[in-house]
Amino acid sequence: MAEDFERGEERQSGPRAGKGFPPWLIAVIVVGALSALFISQNRRRVKVDFVLFDRFARTWVVILIAMGLGALLAELVRATVKRRRKPRP
């Protein structure tokens, strides 16, 4: 290996040997591109009626808020179920 290094050759070893971009970077690029496409296709304003108010907002903002609230609700349900399954001493 020392001779290879002296000749300007370097061996790669480990999990990234011989690979291009890491998978997480590819996933970030794909999700970013899809997000930009989603936003560009959903720029129209829509009327949103909620309990005590109504207002106009962009479609992508409404969908993003709904997804965030859904994720929060799912996390609350998961935490509640996990707490109930915990054995009591």
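By convention here, the first residue in the shown sequence is residue 1.
How far CD1 of I63 is from CZ of F38: 3.5 Å, rounded to the nearest 0.5 Å.
A continuous path of Ile, Leu, Val, Met, Phe, Trp and Tyr side chains, each step under 4.5 Å between heavy atoms, connects V28 with V30, placing both in one hydrophobic cluster. One hydrophobic cluster, built from ILVMFWY side chains closer than 4.5 Å, holds both L34 and W24.
Without hydrogens or angle criteria, R45 side chain to R58 main chain gives no donor-acceptor distance under 3.5 Å. A side-chain donor-acceptor contact under 3.5 Å links T59 to the backbone of R44.
A search for side chain to side chain contact (heavy atoms under 4.5 Å, CB included) contacts involving L37 returns S40, Q41, not counting sequence neighbours.
Considering all non-hydrogen atoms of both residues, D54 and K47 come closest at OD2-CE, 3.2 Å.
Think of V62 as one node in a network of Ile, Leu, Val, Met, Phe, Trp and Tyr side chains linked at under 4.5 Å; its network also takes in V46, V48.
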Please list every donor-acceptor pair under 3.5 Å in which a side-chain atom of residues 66-75 meets a protein atom from a residue at least two apart or in another chain.
from: E75; atom 1: OE1; to: R78; atom 2: NE; distance (Å): 3.4
from: E75; atom 1: OE2; to: R78; atom 2: NE; distance (Å): 3.3
from: E75; atom 1: OE2; to: R78; atom 2: NH2; distance (Å): 2.5

